[in-house]
Every structure is written in C-alpha cells, then in structure tokens.
Amino acid sequence: MSRYNAADIEPKWQKAWADAEVFTAKADPDKPKYYVLEMFPYPSGDLHIGHVRNYTMGDVVARHRIATGHAVLHPMGWDAFGLPAENASIERGIHPGTWTRSNIANMKEQFALLGLSLDWSREFATCDPEYYGKQQAMFLDFLAKGLVYRKNAVVNWDPVDMTVLANEQVEDGKGWRSGATVERRELTQWFFKISDYSEELLTALDSLDNWPDKVKTMQKNWIGKSRGLQFAFSLIDGPDGHDRIEVYTTRPDTMLGASFIGISPDHPLARELEKENEDLAAFNAECRKMGTAEEEMEKAEKKGFDTGLRVRHPFDTAWELPVYVANFILMDYGTGAIFGCPAHDQRDHDFARKYDLPIIPVFVDEDYTEAVKLPSDRPDLDWSGAEGFGHLDGETEMTMLAYAFDVEANVPPAKNEEYTYLRGFFGETRLTANAAIDAAIAFCEEHGVGHGVTKFRLRDWGLSRQRYWGCPIPVVHCATCGVVPEKKENLPIELPEDVTFDRPGNALSWHPTWRDVPCPKCGAPAQRETDTMDTFVDSSWYYARFTSPDAETPTDADEAAYWMNVDQYIGGVEHAILHLLYSRFYARAMHACGHLPASAIEPFDALFTQGMVTHEIYLTRDANGRPVYHLPSEVNDGKLADGREVEIIPSAKMSKSKRNVVDPVDIINQYGADTARWFVLSDSPPERDVEWTASGADATHRHLGRVWRIVTEIIESPDEGAQPGDKDLLREMHKTIHDVSMGIESFGFNSAVARLYAFTATLGKSQAGRAAKIEAARTLVQLMSPMTPHLAEDLWSQLGGDGLVTLAAWPVADDAMLVDDEVTLPIQINGKRRSEITVPADMAKPDIEALVMADKAVQRALDGGAPKKLIVVPGRIVNVVV
RNA sequence: GCCCGAGUGGCGGAAUGGUAGACGCAGGGGAUUCAAAAUCCCCCGCCGCAAGGCGUGCCGGUUCGAGUCCGGCCUCGGGUACCA
C-alpha cells in the first residue's frame, strides 16, 4: 500500500489542471456565470499565512462553484503601487519597479505551490503601463465630467526631509525617518467629487442584501448624514471683513447652553488675528505642529486660546460669548467653527472646566432629583464669572446644577428619547431631542437666524500623492493655458525609469527632464503634473479590468456586461470603509463615463469579510530610540539570535511594516499545500481574527494521511457483497453531503472541516460492504476537493472516478436519508436537564407527554403533585415546570 | 476620542432561544511492537468521596428555558480619510 506523499502528487495534479485549462474563465451560455474575487495582494515579497487563509477561502468558493456547474471567473493580480517600494528603494538603492517585479515573481511562485484555481491568463499589476494608462484615460473622462477638481488641503510635512509623510509615517508627531516634528502644510491637490454621491452611496446600502450588516453600518456612519442648523454669531468689533462667524450644529436644541465659540487655527478669522497677536500666532503655530490624522486630533489634549473677541447670541443680543481658537477644530469639517455646550458634550465640558467657562444646562434627565450643589472637588471655582451672562441673572444656580452632574457632561443617549427642557420650546418642556431640534430649527428660520440644512460627514476623496511610485496624473501645467488635460493619444504617461532615491520625497519632481513637455493645447513649453494617484484609485476598478484585461479601453462593454458583477467578493474587514466605499463610488463614476453598465454601479453583489491573522510584534531600538522590527522566525524565547531581548507588543494584524508575519512556505515544504490549506480552514471561523500559532500542522498532516490510508485500504479490500452496515454509512454520507455543502455555501469552512473529520472516523470504523464504502469514499474525496484538491484528485483517480474530481458534479444529498427514525429528547425540570427519553421521530405530543410523566426523574421532582406547565418542543426538548 | 466587531475548557473552537463544550490540538492511561515510528482504544470544564453544586468576560433584565434577546460596564481587535 502506498503512503500519502504530497510532494509526489501536488505538482502532478497542478500540471493536469494547467494542461486541461480548467481554471481559464470561459463564457458559457449553458451555465450561470460566477465571478469570485479575493482582494488582490500588495506584493510585499512573501506570501504570509494570512494570505494563505484568505486565498484558500476564495479557492474553496471557486472550486465549489465549478463543481456545481458554473462558468467561473477567478482572477488574480497585484496591487503594485505604494509606499513600501519607495521605502525599499531608499533603504537599499533598488528601483521601486525592480523591487516590485521581483516581489511579484517570488509571490507568484509561492501562489503556484498552493494549487489555487486561478485564471492566471488575466493577471496584471497596477504598475503595468497598460493598466495605469487606462486609469489615466478614465481620469480624463472624470475630469471632463466634472468629477475631479483641485483645492487646497493640509498634509503632514517633514521639514527636515522636505517631504510629505503618510499618517503611518508619523509617530508621536515626529517623522519616522528624520525624527523632526511634523508640521501641517497646505498644498493644492486633486480631489474626486465623491460627495456628489453621498446620498446615493448611503441609500444604496439598503440594496446590498448580501453584505454584512457591520460593514453597511460602518459605511453609513462614515458617510454621516446629519440634519442640523447653519447660522451665524455676529462678531463684536471684529477685524475688517469679519463681522460674523458661521456655525453648523446638529444639536440646535442646545443653543441656549452655548458658553463659548471655538474656531479652527486655520479659520480665516484666526489667520487674520494672528497677524496682530504674537501669542495667538505662537498658539496657532503650535497647533499646526500636529499630524493630520483624526485620531491624533481627537486624542490630543484640548487647548484653546482666548481671542478676547466676543459674539452675540442670536436669541439674546445682550448675551455675549467669548471666541476661542481651539486645537481640536478642523477647518475641513463643516464651517471650521463650533459653539460649545459644556453641559451636554463631554469634549466641551472638559474645555469649559479647563478655562472656567460657564456650564449652562439645557435639559435634565427625568430621574434627576438631586439637590443643587457645588462640586466638592472644585473649591477654586469662581462663580462670579457666570453672572456676567446677563440673561442668566438669577440663574446662576442653573450653572451649578450642571456642575452637580459634575465630572461627566450630561450627554444625551439618543435623539428619540424624551427630556425635560429647562426653558422649553414653544411652551413645551417635555419632548424628545428630535422634536426639540425641529422646534429649534423652526424657531431660527422664523426669526431669520439660520436655516436647517442636511450635511454629510463624507469628504471629497483627495487623490494627490507627492510620490514617484504611483499612477501619474495626466495633466500639464501651462503658464498661459493653466491646467491642461493630456491628450488621450499620448497615454500612457509613463513613469521615467531613470530616477534615483538618494533623498526622500517625490523623485518625479526633481527628475531633470521628465516634467518638461509642450502644452497639449498651445504647444508652448509647459510642465507635467508631478503628483501621482492614491493607490486606492488603482484598487477601485481592478475588478472591472479583470473582465477584459487586454482591452484597448478601460473595459470592454460586452465582457463587462457578461462577467460583472462580482458575485462573491472576499477580503479583510479592514477594508470595510475606504476601499469598498471608493470602489462603489468609482463604479458609479465609470458608469457615468460609459465604462460600466448601469447594472454594475454596485460592483460587489455579495461580500464576505474575513478576520485577520494576528501575531505579536517584536522590536528592538536603534541608537535614536526608534523601533526596529523583527520577524517572529528570528525570535526565540523573547531573544534574538545574538542574545538581545526584544520588546513585545500585543498581537495585531500581520503587516510587512511591523514584520509580524509568518512564512507559510515552511509548512508547505514540510507537509504540502493540502496540509497548509486544510490547516488554515480548520478550527477558526473565517470571519474571526485568529492569533497565529503553529502547533497542530503536524496533526493536520496526520489526518490527511489517515484519509489516504482509509481510502486506499477500502480500494484494496475484498468485495463480500452488501453488509448490514451499508445503510448507516450511506445515511451518514448524505448527512455529511448536506452539512458540508451548507458549510461551504455559508462560509462555515471550519464547520465543514469538522464534519469531514467526523465522517472520516465513521468511514474508518464502518462495517459496511465494499460497494457502499467505495461510494462513501468517493463522496468524501469530492467533499474534500475544494479544500485539499491535490489529495482529492489522486484518491479520486485511484477510486476510478471519471475525469478530474475538480470538474465532477458536486454530490447532492438525498433528503429521505437525512431524517432519523428515532430521536432522543432531553427532559428538563425547571430548565435543568435531568433525564432523557428516546422516542420514534413521528410520535404524537400526547404520547410523549405520557412518557415524560412516567419518567423516574420527573416523578421524583413532582413528588405526587401535578406539573405547573409541561412544554414539549417536538424533536427538540421537553421542559417540566414544577 | 469617535464608529464597528469580538470575548465559551489548558488551547483553536461547536451550538435555528431548547442536552453548553461537537470536531480538533495538547495532556493522561492502555493495546500493538524486541524497540520505535505509524496505528487503534479509553479518559479529559471546575468543585466534590458521593449525592450534588457551579459554569459561556462582569452586573442586571426578559423567558418555561439565555452562550444566543434587551440595558449598563470591562478587556481586546479593526477603522479613523496619505499603510494596503
């Protein structure tokens, strides 16, 4: 008898699939089409175990669809532009293109080892001029449609390296390479008008029935539709040209709780005032020494600068509020100015306490009964300040009331709950926040103070990057014509090869000649745009390009119409917002320019988000105290080979930059691809994150060896005719077909694997005759084939199966074989399991009740009395309440 | 900070509101063997001699019955618009 040897069989069957071109997508009028796509990888150089998990899952889906009679498209490519290539160039002097190409070659070899059902004939990399040239053509179409424009935006500026930094490259406010304090700097940048689609991107979420709710919720919150009031505070003795401050608020019901105005350091008023006020200029400069990341802004200590200016409250012009410049207000959001309501907003509350501003309650919780009192921890507070607010005369106790809420602001939990408004609206004091907001807006509109508006949190998509390794933006800057689109016949605008990376930043902008071109319009000497596109642009349409990877235009209408949409999209949940939202926008923009049919504006019919594979992060520090990361394979017992101890950071998703990646090639070399595949599908539910541990690969391999042995023993066994065990085995087989099929269709791969373990054990112990066992073995092999395709092919051929198991029709469970004759019903007494009875599956309720009443445990519990209640759930459970 | 998730034995995890711990790993015991590998069988949540009690991150609620539903927390993970 032969033994399972993956190294013998895996190359053999991979060649057989290639020779038969079984994975080459072919349109077929007799079959439903099925487009399955996994998010394509960034070519970091090596496949890590997270990739194996992701792509094996997609492969199971694709192979199952082939077996169930679909014309399958399952392509693969490379998300090949991006920062790491430039970093590698700076570190090692390699050209980003060379580095990327060699990474792709390397990873493709590793992919090949896994035996994935990919159609490599459609492969492309986003750094191929054939790909990004089409992207440039679409950019010009978008530009013509008014979907692209330029405006100023802030970036992280490293003043030492003289370059723009990604948020990831800013650590504690310092540039990761130079260590210099990062500054904000304004640049003119290109934007996609995604905000034109805010409403549609929001409402269309409802049509995505096969997307996870969590992703839809995240996108909904990200788009952030809000209704609110836009109004102005009039400024008292402001500088010339500044007589009002526009504010947007979603809580106009709290206007009577306003106690200060905050404006962004970049607000036009702040910029005007800093010219005359050195202290404010210094404050603003300090504020600008912060990265652009929202997280950093929000977590930073809230600081303000009192401008000394005052505004009038629109409801009571005698009421004056101070104007602060505050570091937590972004110019990009809303109007760049807010009013603070410390009683009901935690951030404003913190700010008010810090600057001893009044805290004026607007509403109280119904349950609030506590007597008004001064906060015991703030004896230093000077309450006389509150009396300066004229209209609050005699209401200072209200301020103190808010302080009785004390440390935390009385933040309202929901807008649809009722509160008691201390001053009321139109005579009503008890109303929901929503009603109060309506009333406040109505009141303001009536009195000409402001107007209700709908706003979205979603901002336009800034696509400019000041970097070399990306898709060049195909426009030319001409002194006389201004910004001129490149002519389509001149595309692709290729990246120059002869660049050096001896200094950080955008190599395009200091290339000696690349920029110099004649203006496409007037022919005069002009300069190319040196910004390249955000890599999210590359990944926002690759799914469409896969339908016709060689077309002269971005897509081919017939091919796109046939293959789109992606029937099943699979990828990490970390892409829940940006990549997926951008792709949804991009498909709409492509449709607007005739590159996709209307039916493809939601490009992904079904989405499955995988959990991530996580691992601890190991690091040491260089001479400047900056972290140096180490691979898990270099670390033993918390020490490097040279004996140095590493710092350990808790598990996070595997990423090249943190080097917490595990190489799957060792497992493949030692045990084969099928072991690696089976292993990553076992145990963990696909949607959940898993902390990587290598223990168990050996046991996984033993199991595959067991399958091999059991099946080959059956093949070699003598045929002694039908046996009494036949029916039990076949019944179990049909249940397994059912469970495994369900498991695969619902992404319950771990459950499917568990079921196959159990069925293997059943088959191994079965007393059935040879014919039944052969049938069961063939089914087992077929059911395993999406997961362990090489092993399955080999055993299938040994079992005399027809052709390739990959192409064999998926088995169908016989419903009649799924029901058991008898069921065991647990008997609960007061909800606790005390006994059980086994009854015929079709036994009537009264008969079951009689049996239950006769049960010893029930008799004991009843002690002669009658049960209060007797619940029989047919086929499930019995509960006796005594 | 804000938004979205997750939390069950020593470990990975299973469980349409219905027997908590399927299946696997690790561990323990045994069979086979000259020995080993491989293989097979049995045990394996906690406390308790037992009867029994306790048990799905924590606190409370709904229900005949809650890992599952509701409210409030805690911890961890993802995203936070220039990592991809």
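When distances are taken from the side chain of A:Lys832 to each of B:U80, B:G18, B:C54, the shortest belongs to B:C54. For A:Met218, taking side-chain heavy atoms from C-beta onward, the closest of the listed nucleotides B:C23, B:A15, B:G78 is B:G78. Residue A:Asn879 places its side chain closer to B:C64 than to any other of B:C64, B:U19, B:A15. Side-chain atoms of A:Glu168 lie closest to B:C83 of the nucleotides B:C83, B:G78, B:A84. For A:Ala758, whose side chain is taken as the heavy atoms from C-beta onward, the closest listed nucleotide among B:G53, B:G78, B:C23 is B:C23.
With A:Arg465 as the partner, the salt bridge (Lys or Arg N to Asp or Glu O under 4.0 Å) test is satisfied by one option alone out of A:Asp534, A:Asp538, A:Asp531: A:Asp534. None of A:Tyr582, A:Tyr149, A:Trp461 except one satisfies the ring-ring contact (aromatic ring centres under 6.0 Å, His included) rule with A:Phe192; the exception is A:Trp461.
OP1 or OP2 of B:C40 has at least one side-chain nitrogen or oxygen of A:Arg706 nearer than 4.0 Å. For A:Arg688, no side-chain nitrogen or oxygen approaches OP1 or OP2 of B:U8 to under 4.0 Å. At least one side-chain nitrogen or oxygen of A:Arg709 sits closer than 4.0 Å to the OP1 or OP2 atom of B:C40. For A:Asn221, a side-chain nitrogen or oxygen approaches OP1 or OP2 of B:C4 to under 4.0 Å. Side-chain nitrogen and oxygen atoms of A:Lys869 include at least one within less than 4.0 Å of the OP1 or OP2 phosphate oxygen of B:C64. Phosphate contact (OP1/OP2 of B:U80, side-chain N/O of A:Arg457, threshold under 4.0 Å): absent. Checking the phosphate oxygens (OP1, OP2) of B:A84, a side-chain nitrogen or oxygen of A:Thr535 falls inside 4.0 Å. Put simply, A:Asn167 has a side-chain N or O that comes within less than 4.0 Å of OP1 or OP2 on B:A81.
Nucleotides B:U19 and B:A15, compared at atom P, are 13 Å apart to the nearest Å. For B:G45 and B:A26, the C1' atoms lie 15 Å apart once the distance is rounded to whole Å. Comparing the C1' positions of B:A37 and B:C74 gives a spacing of 49 Å, expressed to the nearest Å. B:C76 sits 31 Å from B:G21 when the P atoms are compared, rounded to a whole Å. If you take atom P in B:C73 and the same atom in B:G78, they sit 23 Å apart, rounded to whole Å. Look at the C1' atom in both B:G24 and B:G71: the space between them is 37 Å, to the nearest Å. The separation of B:G67 from B:G61, taken at their P atoms, amounts to 15 Å, rounded to a whole angstrom. Rounded to whole Å, the separation between the P atoms of B:G79 and B:G12 comes to 22 Å.
A:Leu463 has its side chain out of reach of A:Phe191: every pair of non-hydrogen atoms, C-beta onward, lies at least 4.5 Å apart. Side-chain atoms of A:Tyr197 and A:Arg584, non-hydrogen and from C-beta on, never get closer than 4.5 Å to each other.
In this structure, A:Arg833 atom CZ and B:U19 atom C1' are separated by 5 Å, rounded to whole Å. Rounded to whole Å, the distance from OH on A:Tyr4 to P on B:U39 is 14 Å. The distance from atom CG of A:Leu704 to atom C1' of B:G24 is 13 Å, rounded to the nearest whole Å. Spacing between atom NZ of A:Lys214 and atom C1' of B:G79 amounts to 12 Å, rounded to whole angstrom units. Across the protein-nucleic acid pair, A:Met290 atom CE and B:G1 atom P stand 16 Å apart, rounded to whole Å. Whole-Å rounding puts the A:Phe759 CZ to B:C23 P distance at 15 Å. Atoms OH (A:Tyr582) and C1' (B:U80) sit 11 Å apart, rounded to a whole Å. Computed from coordinates, the A:Leu83 CG to B:A84 P distance equals 5 Å when rounded to whole Å.
Across all strands shown, A:Lys299 has heavy atoms under 4.0 Å from base atoms, whether or not it also approaches the sugar-phosphate. Across all strands, A:Trp222 comes closer than 4.0 Å to base atoms (heavy-atom distances). Nucleic acid contact for A:Lys302: none, since no nucleic acid atom lies under 4.0 Å from a heavy atom of the residue. Among the heavy atoms of the strands, none lies under 4.0 Å from A:Glu296. The residue A:Phe536 sits close to a base: some heavy atom pair falls under 4.0 Å. Base engagement by A:Gln466 is indicated by at least one non-hydrogen atom pair under 4.0 Å involving a base atom. When heavy atoms are screened at a 4.0 angstrom cut-off, A:His575 is found touching base atoms of the nucleic acid. Within 4.0 Å of A:Val873, counting heavy atoms only, lies at least one base atom of the nucleic acid. Across all strands shown, A:Leu458 has heavy atoms under 4.0 Å from base atoms, whether or not it also approaches the sugar-phosphate. Backbone-only engagement by A:Ser684 is indicated by non-hydrogen atom pairs under 4.0 Å involving sugar-phosphate atoms exclusively. A:Arg755 comes within 4.0 angstrom of nothing in the nucleic acid, heavy atoms only. Residue A:Asp689 is in sugar-phosphate contact alone, with no base atom involved, counting any heavy-atom pair closer than 4.0 Å across all strands shown. Residue A:Ala699 is in sugar-phosphate contact alone, with no base atom involved, counting any heavy-atom pair closer than 4.0 Å across all strands shown. Using a 4.0 Å heavy-atom distance criterion, A:Gly572 is classed as making no nucleic acid contact.
Base orientation of B:G9: syn, since the glycosidic angle falls within 90° of 0.
Under the Watson-Crick and G-U wobble criteria, each requiring two contacts below 3.5 Å, nucleotide B:C40 is paired to B:G30. Across every strand in view, B:G55 sits unpaired, with no contact that passes the Watson-Crick or G-U test at under 3.5 angstrom. Partner assigned to B:A6 is B:U75, using Watson-Crick or G-U wobble distances below 3.5 angstrom.
A salt bridge is defined here as a Lys NZ or Arg NE, NH1 or NH2 lying under 4.0 Å from an Asp or Glu carboxylate O, and A:Glu186 with A:Lys151 fails to meet this definition. For the pair A:Lys193 and A:Asp460, the salt-bridge criterion is not met [side-chain N within less than 4.0 Å of a carboxylate O].
When atom types are taken as modelled, the side chain of A:Lys869 and the backbone of A:Pro867 share no donor-acceptor pair closer than 3.5 angstrom. Put simply, the side chain of A:Asn750 gets close to the backbone of A:Asp683: a donor and an acceptor are under 3.5 Å apart.
Toward the 5' end of RNA chain B, the nearer of the two residues A:Asn830 and A:Thr217, judged by each one's closest nucleotide, is A:Thr217. For A:Gly831 and A:Arg702, each mapped to the nucleotide of RNA chain B holding its nearest heavy atom, the one lying further toward the 5' end belongs to A:Arg702.
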Between A:Asn156 and A:Arg185, is a side-chain hydrogen bond (donor to acceptor under 3.5 Å, both in side chains) present by the stated rule, with each step listed?
-> CA-CA 7 Å; A:Asn156 300 310; A:Arg185 177 170 283 208; over 6 Å; no
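In the interface, the side chain of A:Glu294 is paired with the base of B:G1 through a donor and an acceptor atom under 3.5 Å apart. Side-chain atoms of A:Asp683 come within donor-acceptor range of the base of B:G12, with a qualifying N/O pair under 3.5 Å.
Remark: A:Arg457 qualifies as a cation-pi partner of A:Trp222 under the 6.0 Å distance and 45° angle criteria applied to the six-membered ring.
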